[in-house]
Amino acid sequence: MELSAKYSPSEVEDKWYAFWLEHKFFHSEPNEKEPYTIVIPPPNVTGVLHMGHVLNETIQDILVRRARMDGKNACWVPGTDHASIATEAKVIKRLAEQGIKKSDLTREEFLKHAWAWTDEHGGIILKQLRKLGCSCDWDRTSFTMDETRSKAVIKVFCDLYDKGLIYRGLRMVNWDPERQTALSDEEVIYHDEHSKFYYLKYMVAEEPGKYAVVATTRPETIFGDVAVCINPKEEKNQWLKGKHLIVPIVGREIPVIEDRYVEIGFGTGCLKVTPAHDANDYMLGQVHNLPAYDILTADAHVDITCLEEDIQKNCQSYQGMDRFVCRKQIAKDLEAAGLIEKIEDYDNKVGYSERTNVPIEPRLSLQWFIRMQHFADIALPPVMDDDIQFYPAKYKNTYNNWLSNIKDWCISRQLWWGHRIPAYFLPGQEGVKDENRKYVVAPTAEEALVKARQIAGYENIEISDLKQDEGALDTWFSSWLWPISLFDGIENPDNDEINYYYPTSDLVTGPDIIFFWVARMIMAGYEYKQAMPFKHVYFTGIVRDKLGRKMSKSLGNSPDPLDLIARFGADGVRMGIMLSAPAGNDILFDDSLCEQGRNFCNKIWNAFRLVTGWNIDDSAAQPEASQQAVKWFANKLNAVVAEVNDAFSKFRISDALMTIYKLFWDDFCSWYLEIIKPAYGAGIDKQTYEATIKFFGDLLVLLHPYMPFITEELWQNLGERAEGETIMFQPTPKAGEYSQEFLAAFELVQGAVNNIRGIRQQKNLSPKEALELKIKGNSFPAELECVITKLANISSIEKVDAWGEEAGVSFVVGIIEMFIPLAGLVNVDEEIAKIKAELEHQYGFLQGVRKKLSNESFVAHAPEKVIAIERKKESDALSRIATYEAQLKVLESSK
RNA sequence: GGGAGUUUAGCUCAGUUGGUUUAGAGCAUCUGCCUUACAAGCAGAGGGUCGGGGGUUCGACUCCCUCAACUCCCACCA
């Protein structure tokens, strides 16, 4: 077979992926084998593959493929997330481009558009994962809004409601005025901001001409002011006690109230209280029994129509103004009226919506919540006790911190795209306040009707009388069930699949969703399966560019993974992303990493070309050097396999890759193959050839989890394969016994070869020119001398008792003294200088060792083993020094 | 304001309970090579005293204190 000198990934990748699919190698069914399960962190259904996914999915694929080769029944379940807010935003944007407003559509019409969008763009990302080589069980592809998953969500909602763990209430929530929905606390991101601190004058009603100064960053909320609060202990504000103040512009007369909440010494000590627009003010309002005027619309425009008529008159000009426009306008107007004492620069934090990046507005609204204390109680211990293990473990702290200060979870969203809240309101409550309206919670309208008819007075209502809550549930309310709902473990809690695959093995995800997702899955796992959802959590880092910046569309620093795959091959990209990916560390990604991956593919490819290009000579005897090489590599392979196994057990999968990389490139190619390489034109003996093929196969198997395509391609061509055979199920090589002594002896051989090569380089000697080697005293194991002979092109090895008078270069490896005669090629002065420098180093070393040994405390305290090592160092150094000194003498006398 | 983490060759990182020839790797760099698998390669070489300071110890990159820089998370100060 003629093979090109370069590996062409595109030619083999699609072929083998199709082969794997065709044979259903990725598919898993429960059987008697040990399961190994991963559920994919479901990407947004309309999302596109980015480098973060590449990292995350590559790690998962490595783990899954490795488990499969270890003989486990590996199952990697793929799927997508409906991503309520993000997707609804995209749909609204597209509708806007067509001139359609969401408000013009009915819920049903809107959902039709949303599903159309989902069908159109959904699953693109899953197709892209195939290009990466991901071995997901595609037959199990799921969606958080498909039937099984949706039923699970609704069932869980009803169940938690029945348990009293879900409640509906009027609360101050984080409001996104752009998308016009409530958000959970976790969906708010705080940014530092340079803003202004406005000092406003509030005239005292009882004492005309006198005023109190109130400092605020949000003057636009003064329409909703209902009190000014002071700390009862604050000296300078004592005179305000019991007084009333007049809100500037608005003209409302409000009381001065006292509460220790106000911090003494901060600002002016006077805090304006606006219960409808600040969480703390709301709390104060509750305590002091104050009204709340909501003066902002859902899209954060001023709306004063809730105020009394005479007050409305004063504020008319602000009606309908955007909140930030109004802020400026009020400042301007107050300034003009002389009601601003001063404006200061002020740094504070402002919350932004994670999804729309719009400043959130604290808003009083009626929402659904989950009582979280119960879930914190069940989810904290397993992580703190390491039943569930985090890699890296530092995230235990983060987890602990969050669960120990848990707040109730706002799960309702004012969106249509998502799971509709299964609460049904009873008819005939027109006059009743929203928060007091009666409802029933049930999975379906029919079941809701049954429940409703049991309530006195509603015995005769019909389904059409019930009004379902308009809201949808937070996306994460479906995601937290993912490891259970994927196996239908909510609706059918005892089915074979859930019993077999759950708990899953490893979860691979980013630390940014530790609260959103990881913690909540653990909660749901213990609530609904009484067991952990996964045993290990591997937290990846963030993929950044080489300057350490986050990858973003606006910076244009985010490479397209498919483009990278086209340039470097999927294996090259996988290797590139894995080269520097210890758990929890950010990855500074650079194309050159993929280049390294591609180069490695090429190296493997060429090694294959070499090995399979040899002709087997049945009559040839195995050369001594080859025999030693085979023995050495067998030992080395065992040692490395043990190392790799250890690395995997600690989730150090980048380390494992680097270890295999060096094994292949340095040990196998640079040493092993060079030793066994037959002379030009000659055939190779059968024994060596077969051993080599075996080694190559083992190496491919070791590499396969990282580089699935090239390893399958070469493995298939490495020997006769039956139809339907695949490297995917070849067992990982076992870590057998190996001789530390033999490996150490071989290292000495390598040292000698390196030295001789170095001498050649310095003396400008061709590799083709054979050299003689003399060895004095100690030597290598005799059987390894032939390796030096071959690799360093040595014509003869002579054992001598002392160096003669001839010119040459000497060197020491370990404590073996060697000499290369080089008549006429030696610059005596140069050699003397070199040896002197070496001697100096040895003297320094010896001195250090002796200082230790002459220290009585050291000899008294240090363990015997350590002292023995120091003594060995001493004698070795002495022996080397003797050698160099003798050489120096010879050289000097030859001058 | 709390908490966590990081700081080791030009870059990215190892360094496992303090002691294994006076600190390792990959990449990059430099030198010499188109040597009959591979120039996406081969061979060789140089380069850190382990952020600063102090301490514990016979001995510290490794433990303690302190200072500095950077990163991240959490928190209602208007």
Side-chain angles (χ1 to χ4, degrees), chain A residues 3 5-7 190 197 214-218 229 261-263 266-268 270-274 278-281 283 346 348-349 362 392 394-395 397-398 400-402 405 511-512 514-515 542 546 548 568 572 579-580 582 584-588 590 592-593 595-596 598-614 646 650 652 654-655 658-659 661-662 669-670 673-674 677 679-681 754 757-762 764 766-768 814-815 841-842 844-849 852 855-863 865-870 872-874 876-877 880:
Chain A
L3 290 174
K6 304 227 184 320
Y7 168 61
Y190 289 89
F197 214 11
V214 173
T216 180
T217 54
R218 303 204 58 193
C229 188
Y261 164 77
V262 175
E263 191 181 324
F266 185 87
T268 62
C270 297
L271 170 71
K272 74 187 204 59
V273 181
T274 320
D278 181 280
N280 297 305
D281 292 12
M283 176 271 295
Y346 186 70
N348 65 343
K349 296 218 174 206
K394 66 175 177 181
Y395 288 110
N397 286 321
T398 311
N400 184 6
N401 187 51
W402 188 67
N405 300 287
D512 50 330
I514 185 170
F515 307 139
I542 296 168
K546 61 180 164 185
F568 302 109
L579 274 173
S580 176
N585 274 31
D586 284 0
I587 286 151
L588 303 190
D590 187 11
S592 68
L593 290 168
E595 208 175 307
Q596 198 183 338
R598 178 201 60 184
N599 292 354
F600 187 42
C601 288
N602 208 234
K603 185 72 184 176
I604 301 169
W605 179 257
N606 277 293
F608 178 83
R609 282 211 303 154
L610 174 70
V611 169
T612 54
W614 286 330
D646 181 60
K650 295 170 181 155
R652 301 179 63 142
S654 305
D655 284 358
M658 185 48 73
T659 305
Y661 173 78
K662 286 190 281 191
C669 293
S670 298
L673 290 182
E674 290 301 330
K677 200 189 250 183
Y680 183 60
N754 286 338
R757 283 172 175 166
I759 290 165
R760 272 214 159 81
Q761 174 113 347
Q762 283 160 30
N764 249 319
S766 158
K768 287 173 183 162
I815 54 165
H841 179 253
Q842 293 296 335
F845 178 71
L846 180 67
Q847 206 182 354
V849 175
K852 259 192 190 175
N855 182 331
E856 282 176 32
S857 305
F858 172 72
V859 181
H861 294 267
K865 199 176 140 197
V866 175
I867 296 172
I869 289 165
E870 290 303 314
K872 175 87 161 52
K873 282 191 202 171
E874 185 188 29
D876 286 0
R880 276 191 302 262

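To find a chain, count down the sequence lines: A is the first, B the second, and so on, and within it residues start at 1.
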Requested in this report: Identify whether any heavy atom of A:R218 sits under 4.0 Å from a base atom; if not, whether one sits that close to sugar-phosphate; answer base, sugar-phosphate or nothing.
Outcome: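 Nothing: the residue A:R218, judged by heavy atoms under 4.0 Å, touches no strand.
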Requested in this report: Could you check how far OH of A:Y661 sits from C1' of B:A25, rounded to whole Å?
Outcome: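 Spelled out: OH on A:Y661 to C1' on B:A25 is 11 Å.
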Requested in this report: Give a yes/no on whether any side-chain N or O of A:K873 is located under 4.0 angstrom from OP1 or OP2 of B:U22.
Outcome: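 So the side chain of A:K873 is outside the cut-off, no N or O lying under 4.0 Å from OP1 or OP2 of B:U22.
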**Report entry** Contact summary for A:N280 and A:D278, nearest pair of heavy atoms
**Finding:**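 Closest approach of A:N280 to A:D278, heavy atoms only: N-OD1, 2.8 Å.
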Query raised in the report: Taking C-beta and beyond as the side chain, do A:Y661 and A:Q596 meet within less than 4.5 Å on heavy atoms?
Result: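 Answer yes - side chains close enough.
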Report task. Identify whether any heavy atom of A:F568 sits under 4.0 Å from a base atom; if not, whether one sits that close to sugar-phosphate; answer base, sugar-phosphate or nothing. Result ->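 Counting heavy atoms under 4.0 Å across all strands, no contact is made by A:F568.
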**Report entry** Rounded C1' spacing from B:G48 to B:G26 in Å
**Finding:**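 16 Å, rounded to whole Å.
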Query raised in the report: If you check every side-chain atom of A:F515, which of B:G41, B:C74, B:A78 has the closest atom?
Result: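 Of the options given, the side chain of A:F515 lies nearest B:C74.
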Query raised in the report: Rounding to the closest angstrom, what is the interatomic distance between B:G19 and B:G59 at atom P?
Result: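 Nearest-Å result for B:G19 against B:G59 at atom P: 15 Å.
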Query raised in the report: Between A:Y395 and B:C73, is there a side-chain N or O to OP1/OP2 distance below 4.0 Å?
Result: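 False: A:Y395 side-chain N/O out of range (4.0 Å or more) of B:C73 OP1/OP2.
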**Report entry** Nearest listed nucleotide, side chain of A:F858, among B:A25, B:G19, B:G44
**Finding:**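 The answer is B:G19, which lies nearest to the side chain.
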Report task. Please work out if A:D590 contacts a base, only the sugar-phosphate, or nothing of the nucleic acid, heavy-atom cut-off 4.0 Å. Result ->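 Nothing, no heavy atom under 4.0 Å.
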Query raised in the report: Just checking A:P511: base, sugar-phosphate only, or nothing, at a heavy-atom cut-off of under 4.0 Å?
Result: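 The answer is nothing, as A:P511 stays clear of every strand by at least 4.0 Å.
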Query - Pair of N/O donor and acceptor under 3.5 Å linking B:U21 base with A:R880 side chain - result: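 Indeed, a donor on one side and an acceptor on the other fall under 3.5 Å apart.
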Query raised in the report: Quick one: A:N764 CG to B:U35 C1', roughly how many Å, whole number?
Result: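 After rounding, the reported distance stands at 15 Å.
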**Report entry** hbond_proxy A:E674 side chain to B:A37 base (donor-acceptor, 3.5 Å cutoff)
**Finding:**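 Indeed, a donor on one side and an acceptor on the other fall under 3.5 Å apart.
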**Report entry** Distance in angstrom units between A:F600 CZ and B:G41 P, rounded
**Finding:**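 After rounding, the reported distance stands at 12 Å.
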**Report entry** Nearest non-hydrogen partners of A:G572 and A:C601, listed with the distance
**Finding:**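 Minimum heavy-atom separation between A:G572 and A:C601: N-SG, 4.2 Å.
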Query raised in the report: Base, sugar-phosphate, or nothing for A:V262, non-hydrogen atoms under 4.0 angstrom?
Result: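 Counting heavy atoms under 4.0 Å across all strands, the contact made by A:V262 includes a base.
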Report task. Ignoring backbone atoms, test whether A:K677 places a side-chain nitrogen or oxygen under 4.0 Å from the OP1 or OP2 oxygen of B:A37. Result ->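 Answer yes for this pair, as a side-chain N or O of A:K677 is under 4.0 Å from OP1 or OP2.
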Query raised in the report: How would you label the contact of A:K865 with the nucleic acid (heavy atoms, under 4.0 Å): base, sugar-phosphate, or nothing?
Result: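 No contact.
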Requested in this report: Pick base, sugar-phosphate or nothing for A:G844, based on heavy-atom distances below 4.0 Å to the nucleic acid.
Outcome: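 Base contact.
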Query raised in the report: Taking all non-hydrogen atoms of both residues, which atom of A:T217 and which atom of A:Y346 are closest, and how far apart?
Result: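 The answer is CG2-CD2, 3.8 Å.
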Query raised in the report: Nearest to the side chain of A:K662 - B:A25, B:C73, B:A14?
Result: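 Ranking B:A25, B:C73, B:A14 by closest atom to the A:K662 side chain puts B:A25 first.
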Query raised in the report: What is the distance, rounded to the nearest whole Å, between atom NZ of A:K394 and atom C1' of B:A4?
Result: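 These atoms are roughly 8 Å apart.
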Query raised in the report: Just how far, in rounded Å, is P of B:A78 from CG of A:N280?
Result: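 Spelled out: CG on A:N280 to P on B:A78 is 9 Å.
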Query raised in the report: Has the side chain of A:R757 got a donor or acceptor that lies under 3.5 Å from a partner of the other kind on the base of B:A43?
Result: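 Donor-acceptor pair under 3.5 Å: no.
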Query raised in the report: Just to confirm, is there a sub-4.0 Å distance from OP1 or OP2 of B:A43 to any side-chain nitrogen or oxygen of A:S670?
Result: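 For B:A43, OP1/OP2 do have a side-chain N/O of A:S670 under 4.0 Å.
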Query raised in the report: A:L271 near the nucleic acid: base, sugar-phosphate alone, or nothing, with a heavy-atom cut-off under 4.0 Å?
Result: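 Base contact.
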Report summary line: Pairing string of RNA chain B (Watson-Crick or G-U wobble, both atom distances under 3.5 Å; | = paired to other strand) is (((((((..((((.....[....)))).(((((.......))))).....(((((..]....))))))))))))....
Requested in this report: When you get a sec, tell me which of B:A37, B:G41, B:A78 is the closest nucleotide to the side chain of A:R609?
Outcome: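 Output: B:A37.
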Report task. Please indicate whether A:E674 has more than 12 foreign heavy atoms, meaning atoms of other residues, nucleotides or ligands, lying under 6.0 Å from its CD. Result ->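 Atom CD in A:E674 is packed in, count exceeds 12.
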Query raised in the report: With distance as the sole criterion, do the side chain of A:Q761 and the base of B:U31 form a donor-acceptor contact below 3.5 Å?
Result: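 Such a pair exists between side chain and base.
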Query - Side chains of A:M283 and A:Y261 in contact at under 4.5 Å (non-hydrogen atoms) - result: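 A side-chain contact under 4.5 Å exists here.
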Query raised in the report: Across the strands shown, which category fits A:C669 at heavy-atom distances under 4.0 angstrom: base, sugar-phosphate, nothing?
Result: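 Touches a base.
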Query raised in the report: For atom P, what is the distance between B:G18 and B:C74, given to the nearest Å?
Result: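 Taking atom P in both B:G18 and B:C74, they lie 35 Å apart.
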**Report entry** Whole-Å distance separating the OH atom of A:Y190 from the C1' atom of B:A75
**Finding:**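 From A:Y190 OH to B:A75 C1': 9 Å.
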Requested in this report: Assign A:S592 to base, sugar-phosphate, or nothing according to its heavy-atom contacts below 4.0 angstrom with the strands shown.
Outcome: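 The residue A:S592 makes no contact with any strand.
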Report task. Using a cut-off of strictly less than 4.0 Å, decide whether A:N599 has a side-chain nitrogen or oxygen near OP1 or OP2 of B:G41. Result ->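 Answer is yes, contact under 4.0 Å.
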Query raised in the report: Nearest-Å distance, CG (A:N855) to C1' (B:U57)?
Result: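 Taking atom C1' of B:U57 as the reference, CG of A:N855 is at 11 Å.
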Query - Nearest-0.5 Å distance, CG of residue A:N585 to CG of residue A:L588 - result: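 Going from CG on A:N585 over to CG on A:L588, the span is 9.5 Å.
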Query raised in the report: From the list B:A40, B:C73, B:A14, which nucleotide is the closest neighbour of the side chain of A:N602?
Result: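 Ranking B:A40, B:C73, B:A14 by closest atom to the A:N602 side chain puts B:A40 first.
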Report task. Would you mind classifying the nucleic acid contact of A:K872 as base, sugar-phosphate or nothing, using non-hydrogen atoms under 4.0 angstrom? Result ->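 Base contact.
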Query - Nearest-Å distance for atom pair CZ/P, residues A:F266 and B:A78 - result: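 Rounded to whole Å, this separation is 5 Å.
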Query raised in the report: Nearest to the side chain of A:Y261 - B:C76, B:A37, B:C73?
Result: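 From the listed options, B:C76 comes nearest.
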Query raised in the report: From A:L579 CG over to A:I587 CD1, what is the distance, rounded to the nearest 0.5 angstrom?
Result: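 The CD1 atom of A:I587 is 10.0 Å from CG of A:L579, to the nearest 0.5 Å.
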**Report entry** Closest nucleotide among B:A37, B:C73, B:A78 to the A:T216 side chain
**Finding:**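 In terms of side-chain proximity for A:T216, the closest of B:A37, B:C73, B:A78 is B:A78.
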Query raised in the report: Looking at A:V262 and A:C229, what are the two nearest heavy atoms and their distance?
Result: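 Smallest interatomic distance, heavy atoms only, reads CG2-SG, 3.5 Å.
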